[in-house]
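Working notes for the structure below.
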Amino acid sequence: MRLRSKKVLTRDWDQLDPYELRERQLSRLRWFLSTRVIPFSAHYGKVFRESGVEPEDIRSFSDLARLPFTSKLDLLNTPENPNRARDFVLIPDEAVLRRRPEVIFSVLRRGKKKTQARLAEEFRPILMTATTGRSSDPVPFLYTQHDLDNLAMTGRRMMEVCNSKPEYRHLNLFPYAPHLAFWQMHYAGLGFNTFCLSSGGGKVMGTSGNVAMIKKIQPDALIGMPTFLYHVLQQAVCDDARNPNIQRIVLGGEKVPEGMRRKLKALCAELGSSKVEVISTYGFTEAKAAWPECPAPEGEMPSGFHLFPDLGLVEVIDPETGKPQPEGVGGEIVFTALNSRGTVVFRYRTGDYIEHGLTYEMCPHCGRRAPRLVGKISRVSNFRQLKLDKIKGTLVDFNELEHVLDDIDGIGAWQIELRKVNDDPYEADEIVVHASLSGDGGKTEMKRQIERRMRVATEVSPNRVEFHDAETLRRLHGVGENLKEEKVADHRPKAVAPEKTHNGSSQPKPDNHGDNEHEILEETSHR
């Protein structure tokens with residue numbers, strides 16, 4: 001029954017009714033915990049021993065609350081445990097494996113060498129990705145061949161959900177890096193058995209090199225980060241390039257406001273492609289997968305990110321209390337692996353907030369019945385306190401600012417810069433908006449729009465709005481230099497506090513709060 005259950009959940013991942021889907025997820029979770037996670041993960045073996053909870057005790061989603069969450073802090077190295085991430089890797093005990101009936105049966109049926117090879121494919125790490133968070137050291141995540149097979153399968157599903165076609169030419173503009181975004185799209189091409197050329201993004205070929213590639217291969221689909229793709233398409237338009245073949249733009253690595261979708265479509269139209277679907281994906285290193293939207297009919301909103309319920313279980317919780325939210329109610333996304341090897345996480349708090357929560361209803365656009373995350377995704381922690389005068393602070397939601405600026409049609413690329421007055425760490429904070437014009441509107445009118453919309457959204461206005469040409473914005477964003485384009489740049493010097501010396505005098509003491517207090521937008525799709 002268990003084998004059949006596992007096969008049905010994978011085979012019919014997007015067709016099961018909600019009740020059957022949840023039951024099969026729980027069945028797989030119990031099997032996964034009892035046979036793979038608890039015996040072979042040092043961290044989770046300890047967690048379950050200390051909690052007194054057995055896998056068979058998890059009979060409903062509410063039972064998950066009996067176990068603690070995992071956070072990124074749990075994965076970070078400490079002086080006491082300098083290789084902490086290893087505790088999350090499934091490292092099998094050979095003695096345990098030898099005693100398992102399925103292994104004994106495999107040896108009798110296939111022979112010892114073939115059984116050893118099969119177990120090596122399941123458990124031996126052969127690829128590493130890493131988180132890209134700016135607030136802490138990267139955390140390695142290990143993949144086995146089992147995980148790479150899943151990556152190809154999820155890549156194929158992404159292509160299918162996005163209505164791609166095997167005959168399409170796909171241009172992958174994610175940078176070459178040990179990060180999920182690049183590898184997910186690489187394996188999507190393999191899993192879908194389609195042409196997929198990886199350009200390496202800006203660091204390898206630069207903006208002009210990617211424009212030349214668009215001219216040369218005339219791709220049907222462009223895949224990459226929104227800001228970088230905007231710069232590439234803008235340069236292609238400036239170069240009078242033509243490509244009437246573009247059918248899809250698939251985005252990851254950053255949030256995708258509606259304004260950005262409109263701007264990308266407008267640039268494609270100038271290249272000769274007038275009917276382009278712009279599709280967003282959401283993913284993060286710890287999930288070892290990215291989840292796609294399906295194309296929305298003209299004039300309708302996207303229906304949400306289609307999850308892969310056979311590979312992971314997603315909860316939505318109240319970020320303050322940790323309690324589960326009802327279906328359709330926003331909250332923080334929590335992920336539990338159901339079929340990973342290598343590095344595995346259980347009840348992992350992503351720090352990402354989904355606006356309208358989780359739904360199990362049939363997708364109104366494509367008819368799939370997989371669970372979906374609906375609405376805008378933002379960082380739970382992305383409210384930042386700015387001291388706009390010397391006395392008190394103002395809480396500013398930078399998630400909202402991103403949407404505000406992208407939704408102004410007359411503005412092309414932009415960057416928010418945080419500074420201190422006179423570069424004095426004890427002075428007030430300043431907000432400077434750098435922007436380029438993309439339409440016929442004048443600078444005065446665009447400045448008014450930026451100031452008005454920012455004031456409505458956050459109750460603060462920029463101290464200055466500075467306009468630049470496209471090349472200057474590319475330089476400010478770090479196109480071709482940074483892994484991700486820098487849309488919010490915090491250039492505030494850290495303050496120092498006086499520290500008493502042995503003789504009672506005051507000496508400057510570094511303020512260690514700056515890194516955490518002013519961390520700006522650690523993007524989700526491939527941290």
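These numbers come from the heavy atoms of this one structure, side chains and all, not from hydrogens, waters or symmetry mates.
Across P295 and N163, no two heavy atoms sit closer than the pair CG-ND2, 3.9 Å. Closest non-hydrogen pair, T10 versus W13, comes out as O-CD1, 3.4 Å. In plain terms, the two heavy atoms of T144 and G342 that are nearest each other are CG2-N, 3.7 Å. Nearest heavy-atom pair, L16 versus R369, reported as atom, atom and distance to 0.1 Å: O-CB, 3.8 Å. Across all their heavy atoms, C196 and G189 have their closest contact at CB-CA, 4.0 Å. Residue R379 comes nearest to T350 through the heavy atom pair NH1-O, 2.9 Å, listed as atom of the first residue, atom of the second, then distance.
Without hydrogens or angle criteria, R84 side chain to L73 main chain gives a donor-acceptor distance under 3.5 Å. Here the side chain of E327 pairs a donor or acceptor atom with the backbone of Y360 at under 3.5 angstrom. With R30 contributing its side chain and I58 its backbone, the two residues share a donor-acceptor pair below 3.5 Å. Between the D74 side chain and the S71 main chain, a donor and an acceptor come within less than 3.5 Å of each other. The backbone N or O of Q325 sits nowhere less than 3.5 Å from a side-chain atom of D318 that would complete a donor-acceptor pair. For R248 (side chain) and C162 (main-chain N/O), a donor-acceptor pair under 3.5 Å exists by modelled atom type. Using a distance-only test at 3.5 Å, with no hydrogens or angles considered, no donor-acceptor pair links the side chain of S51 to the main chain of L67. E486 places no side-chain N or O within 3.5 Å of a backbone atom of G478 that could act as its donor or acceptor partner. Distance alone, capped at 3.5 Å, places no donor-acceptor pair between the R66 side chain and the G52 backbone. Of the possible polar contacts, one joining the T131 side chain to the V139 backbone as a donor-acceptor pair under 3.5 Å is found.
Cation-pi contact between K288 and Y143: present, with separation from the ring centre below 6.0 Å and deviation from the ring axis of at most 45°. With F308 as the aromatic partner, R157 meets the cation-pi criteria of under 6.0 angstrom to the ring centre and within 45 degrees of the ring axis.
Within 6.0 Å of CZ on R86 lie no more than 12 heavy atoms contributed by other residues, nucleotides or ligands. Sparse packing is recorded around CD of E361, with 12 or fewer heavy atoms of other residues, nucleotides or ligands lying under 6.0 Å away. For R22, the CZ atom sits in a packed shell: over 12 heavy atoms of surrounding residues, nucleotides or ligands are nearer than 6.0 Å. The neighbour count for N193 CG, taken as heavy atoms of other residues, nucleotides or ligands under 6.0 Å away, does not exceed 12. In E167, the CD atom is crowded: over 12 heavy atoms of neighbouring residues, nucleotides or ligands sit closer than 6.0 Å.
At a threshold of 4.5 Å between non-hydrogen side-chain atoms, the residues V344 and S41 do not count as touching. For the pair C366 and H306, the minimum side-chain heavy-atom distance is below 4.5 Å. Inter-residue side-chain proximity for I38 and F346 is flagged as unmet; no heavy-atom pair is nearer than 4.5 Å. Within the 4.5 Å cutoff, the side chain of F105 has no heavy atoms near those of the R100 side chain. Side-chain contact between R261 and P302 is present, with heavy atoms from C-beta onward closer than 4.5 Å. With a 4.5 Å cut-off on side-chain heavy atoms, L97 and F40 count as touching. Looking at L222 and I214, their side chains come closer than 4.5 Å, going by heavy atoms from C-beta outward. Residues M158 and F192 are not in side-chain contact: their nearest non-hydrogen atoms beyond the backbone lie 4.5 Å or more apart.
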Q: Evaluate the side chain to side chain contact (heavy atoms under 4.5 Å, CB included) criterion for residues L311 and M153: first the C-alpha distance (whole Å), next the side-chain angles of each, then the deciding distance (0.1 Å), finally the verdict.
A: CA-CA 10 Å; L311 301 181; M153 179 174 67; 3.9 Å; yes
Q. Where do T129 and H179 land on the side chain to side chain contact (heavy atoms under 4.5 Å, CB included) test, with the steps shown first?
A. CA-CA 5 Å; T129 63; H179 300 137; 5.6 Å; no
Q. Do L180 and F141 pass the side chain to side chain contact (heavy atoms under 4.5 Å, CB included) test, and can you show the C-alpha distance, the side-chain angles, and the key distance before you say yes or no?
A. CA-CA 10 Å; L180 175 63; F141 267 67; over 6 Å; no
Q: Show your working on side chain to side chain contact (heavy atoms under 4.5 Å, CB included) between R118 and R110 and close with a plain yes or no.
A: CA-CA 10 Å; R118 182 179 61 82; R110 299 182 178 90; 4.2 Å; yes
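Aromatic ring orientation, F305 versus Y282: tilted (interplanar angle from 30° to 60°). In this structure, H186 and F182 have parallel ring planes: the angle between them is below the 30° cut-off, well short of the 60° mark.
Here the straight-line distance linking atom CG of L307 with atom CH2 of W291 works out to 5.5 Å at 0.5 Å rounding. The distance from the CZ atom of R11 to the CG atom of D310 is 12.0 Å, given to the nearest 0.5 Å. To the nearest 0.5 Å, atoms CD1 (I223) and CG (L173) are separated by 8.5 Å. Within the model, atoms CG of D63 and CD of E56 stand 11.5 Å from one another, a figure rounded to the nearest 0.5 Å. One distance of note links CG of N210 with CG of L233; it measures 10.0 Å at 0.5 Å rounding. Note that OG1 of T281 and CE of M185 are 7.5 Å apart. Values are rounded to the nearest 0.5 Å.
Residues R349 and E332 are paired through a salt bridge, judged by an N-O separation under 4.0 Å between the basic side chain and the carboxylate. Salt-bridge formation is not detected for the pair D12/R24: no Lys NZ or Arg NE/NH1/NH2 atom is positioned less than 4.0 Å from an Asp or Glu carboxylate oxygen. Under the 4.0 Å criterion applied to side-chain N and carboxylate O atoms, R36 and E122 are assigned as salt-bridge partners.
Between the side chains of T154 and Q184, at least one donor N or O sits under 3.5 Å from an acceptor N or O. Counting only N and O atoms by type, the side chains of S164 and H170 include a donor and acceptor under 3.5 Å apart.
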